[in-house]
Amino acid sequence: MTMAGSKPPVDYIRRTEEQYSALGYPVYRWVESETPPPWAPVRKPLSESRLGLVASGGIYVAGQVAFHFKDDFSYRVIDTSTPASELRATHFAYDLTDARSDPNVVFPTATLRGLVAEGKLGALSERAYTFMGGIYSSRKVRDVLAPALADRLVQDEVDLALLVPV
Amino acid sequence: MGLIAREIEGRGIPTLSMTSALSITRSVNPPRAAFLDYPLGHTTGKPHEPALQRSLLLDALTAFETLEEPGAVLELPYTWEEGDAWKDHVMRPDPSAGSGEAADDRTARHDTPQYQTERDRELAQEALASGGCETCVFLSDP
C-alpha cells in the first residue's frame, strides 16, 4: 500500500487502547462489522446528481441548541446556504480551532456550493444533518440515529450522500 | 459514521464516507470511503484554503464514479506537512503525568449544551422560549 505522507497513518484504535490502558480504564470496543457493507449502484454522473450531506463535527447554527458531551445522539437540520459566520462547532474530542475559524474543514457546504456553481456537482440538498460524533454507545447510533438520518435523506430525495466524520 | 453510511446505503442511496482515521474506517467498513491523511478536525481540508478544499473534495467525490467494490477506500494524495511530525503526538499522554484520572487530559463529558459563545446560549434560549427549535431533533431511545 502506498501512502502520501512520510509516516504511516495514525492507528486511532491502537492509540485509544494505549491511552485507556495508561489511564487504567477498560478497553473501548470499537465497532467491527462482521458482514460486508451494503451496496447501492450509482445511477447518474456527479454533474447530474443531488448530494445530501451528513457531518459529525458538532456543527450547529447560532440560535440552535448546542450539543452536549455525554452521549448526545440528537441531530440538527442545517440549511446548506447558511453563511459560515452563523455556523458554530462544539465537540469534546478534537481541536476546534480550525473548524471555528473555517467550518469548511469539517462541514464543506461552501466548497460544495462552489462545485455546484462550476457544474461539477448537479445540486446540493437544501438540508444538511449534523450531530456530534464520539457517541460511546454504538447501539444508539445503529438503532436510533442511523435510521433517523437515513429516513431524512430518503425524504430529501438525494441521489448521493456525503458523510463527513471527524 | 460508518454505521450511518451502511444504513443509508441499505436504503438505496450511494454513500461516500470521508475519513482521516483509516483503522476505524476499515473496522466499521462503510460501502465507499476516501481517506485524507490529515489530523482529526480537518476531514475536508485546511482552513482558509478554498482551492485546496475544492481540489481534495472533488478528488474524493470521484470515488462515487470509480469505486466498484463494497468496502473500497480511495487514498487521497495529500499530505498535511513535510515529515508528518503531528502523528507522533496524537493521543499520547504525557508519561510524567502518572496514571488514572490525574493523567486524563480528555474533555469532561458535560451533559448540558456546550455553546461556542455565550451569545449562542442566549439566542438558543430565546428560541426555546418562543416556540422551540424545530431544527433540533432529540431522538428517544426506545
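This one's a predicted model, so the numbers in the text were calculated from it and none came from an experiment. All chains are named by letter (A, B, ...) in the order of the sequence lines, taking the proteins before the strands, and each is independently numbered beginning at 1.
Heavy atoms of B:Cys136 lying under 4.5 Å from chain A belong to its backbone as well as its side chain. Only the backbone of B:Ser140 comes within contact range of chain A, with at least one heavy atom under 4.5 Å from a heavy atom of that chain. Looking at B:Glu69, only its backbone comes within 4.5 Å of chain A, counting heavy atoms on both sides. Neither the backbone nor the side chain of A:Thr97 comes within contact range of chain B; no heavy atom of the residue lies under 4.5 Å from a heavy atom of that chain. Only the backbone of A:Asp159 comes within contact range of chain B, with at least one heavy atom under 4.5 Å from a heavy atom of that chain. Residue A:Ala62 touches chain B through both its backbone and its side chain, counting heavy-atom pairs closer than 4.5 Å. Contact annotation for A:Pro45: both backbone and side-chain heavy atoms come within less than 4.5 Å of a heavy atom of chain B. For a residue to count as touching a neighbouring chain, one of its non-hydrogen atoms must lie under 4.5 Å from one of that chain's; by this rule A:Asp151 touches chain B with backbone and side chain alike. With a 4.5 Å cut-off on non-hydrogen atoms, A:Ile13 touches chain B through its backbone and its side chain both. The part of A:Ala55 that comes within reach of chain B is its backbone (N, CA, C, O), which places non-hydrogen atoms under 4.5 angstrom from that chain. Contact of B:Ala127 with chain A is made through the side chain alone, with heavy-atom distances under 4.5 Å. Looking at B:Glu65, only its side chain comes within 4.5 Å of chain A, counting heavy atoms on both sides. At a 4.5 Å heavy-atom cutoff, the contact between A:Val54 and chain B is made by backbone and side-chain atoms alike. Contacts of B:Thr43 with chain A are made by both backbone and side-chain atoms, with heavy-atom separations under 4.5 Å. With a 4.5 angstrom heavy-atom cutoff, B:Pro31 touches chain A via backbone and side-chain atoms both. Interface residue A:Leu145: backbone and side-chain heavy atoms are both found under 4.5 Å from chain B. Using a 4.5 Å cut-off between heavy atoms, B:Thr112 touches chain A through its backbone atoms (N, CA, C, O) alone.
Relative orientation of the B:Tyr115 and A:Tyr60 rings is perpendicular, given thresholds of 30° and 60° on the angle between their planes.
Residue A:Phe131 forms a side chain to side chain contact (heavy atoms under 4.5 Å, CB included) with just one option from A:Leu149, A:Val141, A:Ile59, and that option is A:Leu149.
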CA sep, side-chain torsions, deciding dist, call: A:Tyr12, B:Ser20, side-chain hydrogen bond (donor to acceptor under 3.5 Å, both in side chains): CA-CA 10 Å; A:Tyr12 287 97; B:Ser20 291; over 6 Å; no
Intermediate values then yes/no, salt bridge (Lys or Arg N to Asp or Glu O under 4.0 Å), A:Arg152 and A:Glu126: CA-CA 12 Å; A:Arg152 299 296 301 239; A:Glu126 292 79 20; over 6 Å; no
Verdict with reasoning, A:Asp102 to A:Asp98, per side chain to side chain contact (heavy atoms under 4.5 Å, CB included): CA-CA 6 Å; A:Asp102 179 5; A:Asp98 288 342; over 6 Å; no
Stepwise side chain to side chain contact (heavy atoms under 4.5 Å, CB included) check, B:His110 with A:His68: CA-CA 6 Å; B:His110 309 284; A:His68 64 74; 5.6 Å; no
Stepwise side-chain hydrogen bond (donor to acceptor under 3.5 Å, both in side chains) test for A:Ser138 and A:Arg29: CA-CA 9 Å; A:Ser138 57; A:Arg29 287 179 57 87; over 6 Å; no
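Of all the listed residues (A:Phe92, A:Trp30, A:Tyr94), the one sharing the greatest number of non-hydrogen pairs under 4.5 Å with chain B is A:Phe92. Counting heavy-atom pairs closer than 4.5 Å to chain A, the top-ranked of the candidates B:Thr25, B:Ile8, B:Val90 is B:Val90. Across A:Arg43, A:Met132, A:Arg142, the residue that shares the most heavy-atom pairs under 4.5 angstrom with chain B is A:Arg142. For chain A, the option among B:Ala85, B:Ala21, B:Gly2, B:Ala124 with the highest count of heavy-atom pairs below 4.5 Å is B:Ala124. Taking chain B as the reference chain and counting heavy-atom pairs below 4.5 Å, the highest number among A:His91, A:Glu118, A:Arg14 is found for A:Glu118. Contact count against chain A (heavy-atom pairs under 4.5 Å) is highest for B:Arg11 among B:Arg119, B:Lys46, B:Glu126, B:Arg11. Contact count against chain B (heavy-atom pairs under 4.5 Å) is highest for A:Phe73 among A:Phe107, A:Phe73, A:Tyr129. Each of B:Glu49, B:Glu81, B:Glu134, B:Glu68 has some count of heavy-atom pairs under 4.5 Å with chain A, and the biggest count is that of B:Glu68. Note on B:Gln53, B:Glu82, B:His48, B:Gln125: by heavy-atom pairs under 4.5 Å with chain A, the leading option is B:His48. The most heavy-atom pairs under 4.5 Å with chain B, out of A:Ala99, A:Pro36, A:Gly114, A:Ser49, come from A:Pro36. The candidate with the highest count of non-hydrogen atom pairs below 4.5 Å against chain A, out of B:Leu3, B:Thr44, B:Ile4, is B:Thr44. Note on A:Lys120, A:Arg100, A:Arg139, A:Glu32: by heavy-atom pairs under 4.5 Å with chain B, the leading option is A:Arg100.
With 3.5 Å as the limit, one finds a donor-acceptor pair spanning the side chains of B:Glu9 and B:Thr15. Remark: the B:Tyr38 side chain and the B:Thr79 side chain contain no N/O donor-acceptor pair separated by less than 3.5 Å. Side chain to side chain, B:Asp59 and B:Thr62 fail the donor-acceptor criterion of an N or O pair below 3.5 Å. For the residue pair A:Asp71 / A:Ser137, no side-chain donor-acceptor distance below 3.5 Å is found, with atom types taken as modelled.
The existence of a salt bridge linking A:Glu18 and A:Arg15 is excluded, since no basic side-chain nitrogen approaches an acidic carboxylate oxygen closer than 4.0 Å. Between A:Asp156 and A:Arg50, no side-chain nitrogen of the basic residue sits less than 4.0 Å from a carboxylate oxygen of the acidic one, so the salt-bridge criterion is not met.
Counting heavy atoms from C-beta on, the side chains of A:Leu53 and A:Val158 never come closer than 4.5 Å. Residues A:Leu112 and A:Leu121 form a side-chain contact, since some pair of their non-hydrogen atoms from C-beta on lies under 4.5 Å apart.
A cation-pi arrangement is not found for A:Arg88 relative to A:Phe67, the charged atom failing to lie both closer than 6.0 Å to the ring centre and inside a 45° cone about the ring normal.
Remark: A:Leu162 CG to A:Leu160 CG distance equals 9.5 Å, nearest 0.5 Å.
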